[in-house]
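Only one structure is covered here, and it is reproduced in the block below.
Letters A, B, ... are given to chains in the order of the sequence lines, protein chains preceding strands, and every chain is numbered from 1. This one's a predicted model, so the numbers in the text were calculated from it and none came from an experiment.
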Amino acid sequence: MTTATAQPQQQSPADAALQRRMLREMLLIRRFEEKAAEAYALGKIGGFCHLYIGQEAVAVGVSAALTPSDYVISSYREHGQALVRGISARAVMAELFGKATGCSGGKGGSMHLFDAEKRFMGGHGIVGGHLPLAAGLAFAIKYRGGDEVCVCFFGEAAVNIGAFHEAVNMASVWKLPVLFLCENNRYGMGTAFERVAAVTDVVEHACSYDIAGEVVNGMDVLEVHQAARRAIQRARKGGHPTLLEVRTYRFMGHSMSDPLHGVYRTKDEVEEQKRKDPIHQLSHRMLQAGTIDQAGIDALDAEVHAEVEDAVKFADESPDPAPEELLRHVIAD
Amino acid sequence: MTTATAQPQQQSPADAALQRRMLREMLLIRRFEEKAAEAYALGKIGGFCHLYIGQEAVAVGVSAALTPSDYVISSYREHGQALVRGISARAVMAELFGKATGCSGGKGGSMHLFDAEKRFMGGHGIVGGHLPLAAGLAFAIKYRGGDEVCVCFFGEAAVNIGAFHEAVNMASVWKLPVLFLCENNRYGMGTAFERVAAVTDVVEHACSYDIAGEVVNGMDVLEVHQAARRAIQRARKGGHPTLLEVRTYRFMGHSMSDPLHGVYRTKDEVEEQKRKDPIHQLSHRMLQAGTIDQAGIDALDAEVHAEVEDAVKFADESPDPAPEELLRHVIAD
Amino acid sequence: MPTITYRDALNQALREEMQRDPAVFLMGEEVGLYQGAYKVSRGLLEEFGAQRVVDTPIAELGFAGIGVGAAMGGLRPVIEFMTWNFALLALDQIVNSAAKMLYMSGGQLRMPIVFRGPNGAALQLASQHSQAWESWLAHIPGLKVVAPATPADAKGLLKSAIRDNNPVVVLEGEMLYNTKGEVPEGELLVPIGQAEVKRAGSDVTVVCHSKTVAPALKAAEQLAGQGVAAEVVDLRSLRPLDESAILASVAKTHRAVVAEEGWPHSGIGAQVVDVIQRDAFDELDAPVLRVTQADTPMPYNKQLERLAKPTPDKIVAAARRVLYLD
Amino acid sequence: MPTITYRDALNQALREEMQRDPAVFLMGEEVGLYQGAYKVSRGLLEEFGAQRVVDTPIAELGFAGIGVGAAMGGLRPVIEFMTWNFALLALDQIVNSAAKMLYMSGGQLRMPIVFRGPNGAALQLASQHSQAWESWLAHIPGLKVVAPATPADAKGLLKSAIRDNNPVVVLEGEMLYNTKGEVPEGELLVPIGQAEVKRAGSDVTVVCHSKTVAPALKAAEQLAGQGVAAEVVDLRSLRPLDESAILASVAKTHRAVVAEEGWPHSGIGAQVVDVIQRDAFDELDAPVLRVTQADTPMPYNKQLERLAKPTPDKIVAAARRVLYLD
Ligand SMILES: Cc1ncc(C[n+]2csc(CCOP(=O)(O)OP(=O)(O)O)c2C)c(N)n1
Ligand SMILES: Cc1ncc(C[n+]2csc(CCOP(=O)(O)OP(=O)(O)O)c2C)c(N)n1
Ligand SMILES: [Mg+2]
Ligand SMILES: [Mg+2]
């Protein structure tokens, strides 16, 4: 088990282009989630809606290390991962609106975003429930002799549930090409991890299953990206699973119906964390390196802003699923 | 995490008496199980029947470290633990025969031996299912401020199931007075542990939950006893859970309906293990130390033999439960 | 009589029973510091402390089993599931440990434990978070199952459940927590196993429970406007089922509709139908009809979700059919 | 026609489908090296290798979920549960992942997976190992559920299940594995959703499935001796339920008994009763009666166990009652 730190950046044009793309993707997620919050307040989105604001660097850093044929599967906090996987802002927003044009036809909603073509295998609502699914996708890859990998995003609280252990053990025994990516944002709803976990370094569990383990700073998209590349490398050649613990933080409440702070965390803690905003960190770094200027950043922001505005308009104007959709897709023919 | 080795024995009279008792208990279990096998062959015992032959030192060594008010809970391979906990051979045999005089009134059978007074909290049939129950008993002890402990016997295969991890984590977080006693006999039915576990040292998992861990030789009853005493000490004062991995071996098939050896383990392996027979090891040691002579051993053996014969006779002559028992105890009033 | 919410009624029941008996404790996710995911346990941590109001990791199987073990050890646990959807992970402990302990121990080990939490659909929570499990739980011998529809029944049944020496499943409802109703002051115990006629009528019996009681009463109101007197029988307890109350009503009306939030196949309604046709065969003037959730996973979209749920209109339509009015 | 055991019929089905389609694989505890806890998979490891006959740790939730994930990845997994009692731990994956995947993905992800293993009681396995789960599984939209009673149906239904693009639950029986019956050579596919009349008769319909088919046929034999012609309808599929076959028989006999191995409350029989009274109300000359396992956990003692189980005598008694013979 090693602990990675960001390697010094010599700014090749390739690096610069990659960073530009990452900055754009983080901005897209941020603006998308802000709009989703607005739409939720207006009652255009219902049910549970778990925002990703603050954690953008994780989805973006990992996704940039993947090929289109790799699988991604996640929990209910998956808007960001779905977007960077290439599902259009329109299709994701329309799904949140429950519209027929949504990526799950309006039947899944915020917690169940799917795009089989983009190999985004869902949005799953039961904590820990999708970890075995990830191992199963990796099993299918290996079974067919493919060289894809499966990345599974989950929160630190899922480490306390049995499914995590059963899945990781089998992934290790069978050497499956899977990356277990734990987004440790310190809290499961209103419960601080240290109140319910005997060992708070999630990565410790890598030892009990003889798989690779790393801990990285989730506020630094480049660090996340490099660690993800190492892990995906291990998985692609030889199918060695990795448990990657990414230390991150959620800037919003657990879901739209939960408070931003309160008994379980202080306003000060949230404010302090916001100073580590992953978007500011990358834009600052790029400004320093001279690979972008403020005008360039503003242009990117304006671009994604327009993209999100368009998505909202599209979702708003899209039709509801037809009534007969209620009975469709219960059983395949 | 430490690995214990048997301390040298200076033979105090107390030690000698303890060893004599342990030898008797191991012999009792051995003879009991042999008779149970006979009775099963005669169709007097039905269903699943999992024998403890070869593992006697584990139940005996641990039990000798307990007080009457401590709790013991186990899996379906629990005849030995029930006997040394003080349930009479009659009551246990009668339960295997399904008789009204059995310790569970004939309703539980081999897998569900209970004696609440003796604080033997069952015989449970779902692998891993009783580990949370053990933590719960320990929770109740701590809740009432008692100084009892709870010992939970389970097989190594249970380490692969989620309930183990959920229970151990909570026991550690809440500092519960529980001893998780893993009888690692290398096989879960026909599956060698290394074929299904990424890490074959069960004790490794103690690290992931920040509890004490030890590995001991389960063929040496004294070593088991000493380790159990250390663990129970930790639990009694301050409620520190321990994961004690006892390396043992089952001399018989998984259950009466399973082969002794075959595809999953060789005859030679079984024979080699039988040379480490825990009963021979202790009697040999006592003979060496001069704390018993062959006549003394034979006398003990004859004694337990008579006890078991009597138990079979008792079970055989006992009545079946009355028909109305079918509907009793579904709901308590 | 004070009018309070279903949530506060449950909170009163927990507080009163915890004050009354030190062996009673509450365990579950977010029940303490966070005051409960749905605030049912508000104030209990402050009053009873962290030893009796226990926040757990997300480990339904584990903490349900710890509750069962604590009951074996002489305590009276109340295990809260954030919702019953997650209790799916704990069924082995509820069914194989809690429900069978007394029986397989030959009567030695009582199991005074309560498993409670919101059951069934709320609003747009989609398929994994919108499931009603009453027929599964009522299927199991060794359990008792209650599903209160009103604040008074919620308080009275939860208090009875906590005092019961058997495992009792208490099915609440996210959509019920904010509903208000009169709750008598002081000691209130509603016996487990007794249905209640929530509205008397002579033309048709509407059997319901939990979240289908309100739509049944609305339906009865509409039917009254059409000259039909519907009798609304709230089962309240699903196991044991109050067969005599059902039969008494059908003996009067000779017609019945059964409404439930769950899926149709082998649902609670099927069992109620079985009871009626078996013991009131000659009383029946028409087949019993059922209103259930659509036989599909719950869709997220609001319109589709509405189509999937039992509604007053569907109950009215069923009632008119058993009356051969259309 | 060759006469083979139910066990060998299942083995043939697995072998033939694995030969036919490389995407089909078998996963579960002891299925490989040990040749299956009940030897259903005998020889498959040798023929197909460890990649397609996969021994798992004891982790029902985990390997059921891995099967679901593999199906998402385009394979056709057959997941064996050593017994359905242990599948209780895997229900979250069966219900929340497998049964809902197609629906919540808006039709994108098919779920061609089979969950199979012995269901219900064997002999003296006591309460935790003697449970029949068909009513729970049939309750769930998104699943198909079959429960073959004969070797031919076992082979034909398992093959259909493996080729189906939906999650199919196959309920076998430890007590059925050694039973023998004629199985036609070559390709045998029994369509899911079709009941079969196992014995024709005109006086009373006995609806049954799986392990209650044999006692039903024995009962029909006894009844014949008493001048009563019973028609034995084997449901074979529990979801979808072949309602027309049930109704066609009742239209002929006007009387019905439903036998099942499960507990009474909200069981399969309750659903069958609901179908009959709803759609054959005017055809019925007597209430439908049910024969089930006693409403108790299963006792270990042999005599008590016998009392708890559905038997030919109990079916005969119920049939005579619906015929008003006693
Ligand atoms: C098995 C289960 N139990 C409880 C819940 C309710 N719940 C939804 S999210 C959540 C917290 C999860 O925290 P974490 O895994 O850290 O992910 P995060 O929300 O922080 O991204 C809980 C308790 C659930 N969805 N599934
Ligand atoms: C959850 C569950 N799955 C499967 C089984 C069937 N089964 C009974 S014992 C056993 C092997 C257990 O091995 P281990 O835990 O090492 O205990 P041992 O039998 O060696 O004492 C299995 C698979 C079960 N009882 N429970
Ligand atoms: Mg978290
Ligand atoms: Mg073992």
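Contact annotation for A294(D): only side-chain heavy atoms (C-beta onward) come within less than 4.5 Å of a heavy atom of chain B. In this structure, the portion of T56(D) lying under 4.5 Å from any heavy atom of chain B is its backbone and not its side chain. Heavy-atom distances place both the backbone and the side chain of Q128(D) under 4.5 Å from chain B. Neither the backbone nor the side chain of F193(B) has a heavy atom closer than 4.5 Å to any heavy atom of chain D. When heavy atoms are compared at a cutoff of 4.5 Å, L88(D) does not approach chain B at all. A322(B) touches chain D through its backbone: at least one of N, CA, C or O sits under 4.5 Å from a heavy atom, while the side chain does not. Both the backbone and the side chain of L33(D) come within less than 4.5 Å of a heavy atom of chain B. For chain D, the nearby parts of I45(B) are the backbone and the side chain; heavy atoms of each come within less than 4.5 Å.
With hydrogens and angles left out, the side-chain atoms of H261(B) and E269(B) include no donor and acceptor closer than 3.5 Å. Counting only N and O atoms by type, the side chains of E172(D) and Y177(D) include a donor and acceptor under 3.5 Å apart. No hydrogens or angles considered: nothing links the side chains of R250(B) and H50(B) as a donor-acceptor pair under 3.5 Å. Between the side chains of T266(B) and D268(B), no donor-acceptor pair is found at a separation under 3.5 Å. The closest side-chain donor-acceptor pair between N11(D) and R15(D) falls under 3.5 angstrom. Donor-acceptor pairing under 3.5 Å is recorded for the side chains of Y52(B) and E183(B).
Put simply, of V127(B), L326(B), I331(B), the one with the most heavy-atom pairs under 4.5 Å next to chain D is L326(B).
At a heavy-atom cut-off of under 4.5 Å, chain D is reached by A157(B), N160(B), I161(B) from residues 155-170 of chain B, listed in order of number. Taking 4.5 Å as the heavy-atom cut-off, none of the residues of residues 39-49 of chain D approach chain B. Proximity to chain D at a heavy-atom threshold of 4.5 Å picks out G106(B), K107(B), G108(B) from residues 99-108 of chain B, in numerical order. For residues 109-118 of chain B, a heavy-atom distance under 4.5 Å to chain D picks out G109(B), M111(B), H112(B), given by residue number.
In terms of heavy atoms, G67(D) sits closest to P77(D) at O-CG, 3.2 Å. Residue T292(D) comes nearest to W263(D) through the heavy atom pair CB-C, 4.4 Å, listed as atom of the first residue, atom of the second, then distance. For the residue pair Y34(D) and Y264(B), the shortest heavy atom distance occurs at CE1-CD2, 4.0 Å. Closest approach of C150(B) to A134(B), counting heavy atoms only: SG-O, 3.7 Å. Considering all non-hydrogen atoms of both residues, K314(D) and A308(D) come closest at NZ-C, 3.9 Å. When all heavy atoms are compared, the tightest approach of V58(B) to G218(B) is CG2-O, 4.1 Å.
A salt bridge between D8(D) and K180(D) is absent, with no side-chain N of the basic residue lying under 4.0 Å from a carboxylate O of the acidic one. Using a 4.0 Å cut-off between charged nitrogen and carboxylate oxygen, R328(B) and E324(B) do not count as a salt-bridge pair. For D55(D) and R195(B), the salt-bridge test passes: some basic side-chain N is under 4.0 Å from an acidic carboxylate O.
With E245(B) contributing its side chain and V203(B) its backbone, the two residues share a donor-acceptor pair below 3.5 Å. In this structure a side-chain-to-backbone donor-acceptor pair under 3.5 Å is missing from T212(D) to C208(D).
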### Message
What verdict does the side-chain contact (heavy atoms from CB on, under 4.5 Å) test give for Y187(B) and Y249(B), after you've listed the backbone C-alpha separation in whole Å, the side-chain angles of each residue and the deciding distance to 0.1 Å?
### Response
CA-CA 9 Å; Y187(B) 300 93; Y249(B) 199 82; 4.0 Å; yes
### Query
When you look at Q293(D) and E261(D), which way does the side-chain contact (heavy atoms from CB on, under 4.5 Å) test go after all the steps?
CA-CA 5 Å; Q293(D) 129 130 28; E261(D) 204 188 348; 5.7 Å; no
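Around the CG atom of D333(B), the shell of radius 6.0 Å holds no more than 12 heavy atoms that belong to other residues, nucleotides or ligands. Open room surrounds NZ on K44(B); 12 or fewer heavy atoms of other groups in view lie less than 6.0 Å from it.
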